[in-house]
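It should be emphasised that the depicted structure is a prediction, and the values quoted were computed from it without experimental measurement. Residue numbering restarts at 1 for every chain, and letters A, B, ... go by the order of the sequence lines.
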Amino acid sequence: MELNPQQRKAVEHTGSHVLVLAGAGTGKTMTIVARAAWLIAQGVHPSRILLLTFTRRAAREMIGRLRSEVGKKASRVLAGTFHHFCLLTMRRMPRQFEMEKETVIDRDDQIQLMRLARARFREKGRSFPSASKLVNACSYARNTNRPLREYLERYSDFDPEMVEKIIDCIAEYNKRKKVSRYLDFDDILFRFARILHQVPSVRDKLRGMYDHLLVDEMQDTNPLQWLILDGLRDPAELFCVGDDAQSIYAFRGADFRNVHSFTERVPRSVVLRLEENYRSTQEILDLANWLLEESPLGYDKHLRANRGKGILPRLIDFDDRFEEATWVTEDLVERHEGGATWSDHMVITRSARAARHLEAVLVEMEVPYRFIGGTQLFQSAHVKDLLCLIRSAVSHRDELAWVRYLTLWRGIGDVTAARVVEGLRERQSGEEAAAWLRDNWSKDPRVLKGLDLVVEHSEAPAEVVERSGEFLAPLLEKKYPNWNARKSDLELLARLARRHRSLTSFLQTYALDPVSRTDARRLEGEDAVTLITAHSAKGTESPVCYLIKVEPNMYPHVRSLGNFDEEEEERRVLYVGMTRARDELILTRSCTWGSKTVFWGGATAAHSAGGVAYLLHGIPDGIVKREVGVLQETDSGDGTITPWRDV
DNA sequence: AAGCTCTGCTTTTTT
DNA sequence: AGCAGAGCTT
């Protein structure tokens, strides 16, 4: 691996903790991999290195790269997200971490459980926050390690009486979680951090496990994660890499200012910088630099391209979203016909929803693509239905799964389901529970047959998925009008299940490592265009990048308007998007918004004082090549083009 | 106790 | 425009 002097200095640094402040494209990943390789070359045993990344995807990628540097030894390095690392460690030390075969639940399940907890607190005529709002509030408080009460009092506008009710409701949620032995995402970090900090023997043991902690995307770690790093360091040394301008996870409790106070928080530490950009051409960086300079927050970033000059980014205006999507697709096709591979192209979207026009056209024109981010396979309703049947058979305490499975049946509603859950809860073991259910079941006998089916084949997850899919098909067909479109997802699920030898491993793996539908469908390495959310795009790159819907209400997103910090975070989201491009950056936007009624306030929403309504407003001439989008075939219409108007 | 219908609310981003 | 929840009907 070739390193520049700055990178080498970071990689070979010894004797203190390090924060490497690295701008976009300055070789962050390479530096971390090189650091690991260098440590191993210095004689550090790979198992003494812990590599914490932001996504599983990033972890896989880094281990892959490390393997090509140091060979098989690479897989001895433990690499994963904070959540993975914590869960794995807790499962290995179940007694110390009070683990009792907990089921990890995702956000959907959390909301469902909160809904149950919330029911008691609703009064007619008075509004009570929605389940998802409650989940968010409680999650944010925990991730920022603040008492819930303090968070509600200081950062929300609920009146004191409401605050009390919310606190009670969340207490009820926590109680239910405990009874059902659920662990939500926050619990994983929280329990780990709590015991790490409060049980000295565990702390000593864990601190003795690693000599080097390598942390990627430091700017997006939240206080709870900081606490974990803090508890694990010394003698283990921190090697953290991050970029304040790419902090885009404030909604998860991250604060980009944290990297600025690194040396105060971590005694005996230094900050190093990487400033040379190896990814993009200067023109692309000029645009990204301009965007940051427009910010009232001083980022003190000015990326310089090691590669030199290239093509000016393009900013293309379209009449409507459909034309925009069609143009992008046609452009992709044209490039592909010209000999380019699909995989050299990445389309970046602000939200999963915002990509739906494009997805429609890509499908129509048969362009292979994979979607990263957004709704995952495991979150779609029909897949959940099937998984809940399996979960019910696996655990008699999995309240949410039971309710979902039971109410799938005609003639069974929440009252009956609640009664069953109640009864199951009393039983000590799965066998006892099964026997109890058999003896007390008076409804449709097929309900039990489904459960038996799973138990019978529990050694072969793929078979379970296939058979229960067939079993549930008649029910699901009735439930979902577009069943035919959904059916293929169950085949994907079976394919994923084939990799597992037990149902628990199958269920556990995908709780923390969701798979997108297109991902599951495509074989690894198959040539395809990448369609990706800006958030998921962090850490990736591509020769040609399209940034679609770079419009008012999208950048910044309407939801952030009126809040200065959130608007500025949107700037960083756009910055992340722009800096993914190696050779070509194409921004597209359209000036009409699909449906006429913009129900969420739309363009009328006001931006904050000192903030901006639209991040590309006032973009200077010459920094991008402005074009009016013209479709190849459809030159019809009335012969006019509606010009773009800044809002 | 279930099931159906209508209203109203929502749509950011992720482990 | 699409879905979830409330409330009404069976």
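When all heavy atoms are compared, the tightest approach of A:Ile348 to A:Gly577 is CD1-O, 3.5 Å.
In this entry the distance linking OH of A:Tyr140 with C1' of B:dT15 reads 16 Å, nearest Å. Protein atom CG of A:Asp108 is 13 Å distant from nucleotide atom P of B:dT14, rounded to whole Å. Atom CG of A:Asn563 is separated from atom C1' of B:dT13 by 15 Å (rounded to the nearest Å). Atom-to-atom, CD1 of A:Ile188 to P of B:dT14 comes out at 18 Å; the value is rounded to the nearest Å. Between the P atom of B:dT13 and the CD1 atom of A:Ile548 lies a distance of 13 Å, rounded to the nearest Å. Rounded to a whole Å, the CG atom of A:Leu561 is 17 Å from the P atom of B:dT11. As rounded to whole Å, 13 Å separates atom P of B:dT14 from atom CG of A:Asn136. In this structure, A:Leu406 places its CG atom 15 Å from C1' of B:dA1, rounding to the nearest Å.
Taking CZ of A:Phe185 as the start and CG of A:Leu87 as the end, the distance is 10.0 Å to the nearest 0.5 Å.
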Stepwise, does the side chain to side chain contact (heavy atoms under 4.5 Å, CB included) test hold for A:His557 with A:Val573? CA-CA 10 Å; A:His557 194 275; A:Val573 173; over 6 Å; no

Decide yes or no on salt bridge (Lys or Arg N to Asp or Glu O under 4.0 Å) for A:Lys538 and A:Asp216, but give the supporting numbers first. CA-CA 11 Å; A:Lys538 192 169 53 117; A:Asp216 193 17; over 6 Å; no

Residue pair A:Lys384, A:Asp109: steps toward the side chain to side chain contact (heavy atoms under 4.5 Å, CB included) verdict: CA-CA 10 Å; A:Lys384 276 225 132 165; A:Asp109 285 336; 3.1 Å; yes

Please report the C-alpha distance between A:Gln112 and A:Gln110 in whole Å, then the side-chain angles of each, then the deciding distance to 0.1 Å, and finally whether the side chain to side chain donor-acceptor pair (under 3.5 Å) criterion is met. CA-CA 5 Å; A:Gln112 213 58 43; A:Gln110 280 187 64; over 6 Å; no

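Residue A:Arg56 is classed as having no contact, given no heavy-atom separation below 4.0 Å to the nucleic acid. Counting non-hydrogen atoms under 4.0 angstrom, A:Thr55 reaches the backbone sugars and phosphates but no base. At a threshold of 4.0 angstrom between heavy atoms, the contacts of A:Arg572 with the nucleic acid are absent.
Applying a 4.0 Å cut-off to non-hydrogen atoms, the residues of residues 77-85 of chain A that approach DNA chain B are A:Thr81, A:His83, listed by residue number.
Here the rule is side-chain contact (heavy atoms from CB on, under 4.5 Å) with A:Arg118, and of A:Leu134, A:Leu113, A:Ile111 only A:Leu134 fits it. Under the side-chain contact (heavy atoms from CB on, under 4.5 Å) test applied with A:Arg572, the options A:Leu297, A:Leu291, A:Asp244 reduce to a single match, A:Leu297. Under the side-chain contact (heavy atoms from CB on, under 4.5 Å) test applied with A:Tyr405, the options A:Leu472, A:Ile390, A:Asp385 reduce to a single match, A:Leu472.
Comparing B:dA1, B:dT11, C:dA4 against the side chain of A:Arg559 picks out B:dT11 as the nearest. Nearest nucleotide to the A:Phe251 side chain, out of C:dA6, B:dT11, B:dT14: B:dT14. For A:Arg410, taking side-chain heavy atoms from C-beta onward, the closest of the listed nucleotides C:dA4, B:dC4, B:dT13 is B:dC4. Of the candidates B:dT11, B:dT13, C:dA4, the closest approach to any side-chain atom of A:His535 belongs to B:dT13. When distances are taken from the side chain of A:Thr533 to each of B:dG3, B:dT13, B:dT15, the shortest belongs to B:dT13.
DNA chain B forms stems at B:1-10 with C:1-10, each a run of 3 or more consecutive Watson-Crick or G-U wobble pairs whose two key distances fall under 3.5 Å.
Regarding contacts with the backbone of B:dC9, every side-chain N or O of A:Ser130 stays at 4.0 angstrom or more from both OP1 and OP2.
Stacking between A:Phe54 and the base of B:dT15 is absent under the criterion of ring centres within 5.5 Å and planes under 30 degrees.
Summary of the strand contacts: A:Val415 and A:Glu566 both lie near DNA chain B, and taking for each the nucleotide with the nearest heavy atom, the more 5' one is attributed to A:Val415.
Using P as the reference atom, C:dA6 and B:dT11 are 15 Å apart when rounded to the nearest Å.
Every residue two or more places apart in sequence or in another chain that forms a ring pair (Phe, Tyr, Trp, His ring centres under 6.0 Å) with A:Phe192 is listed here: A:Phe85, A:Phe97.
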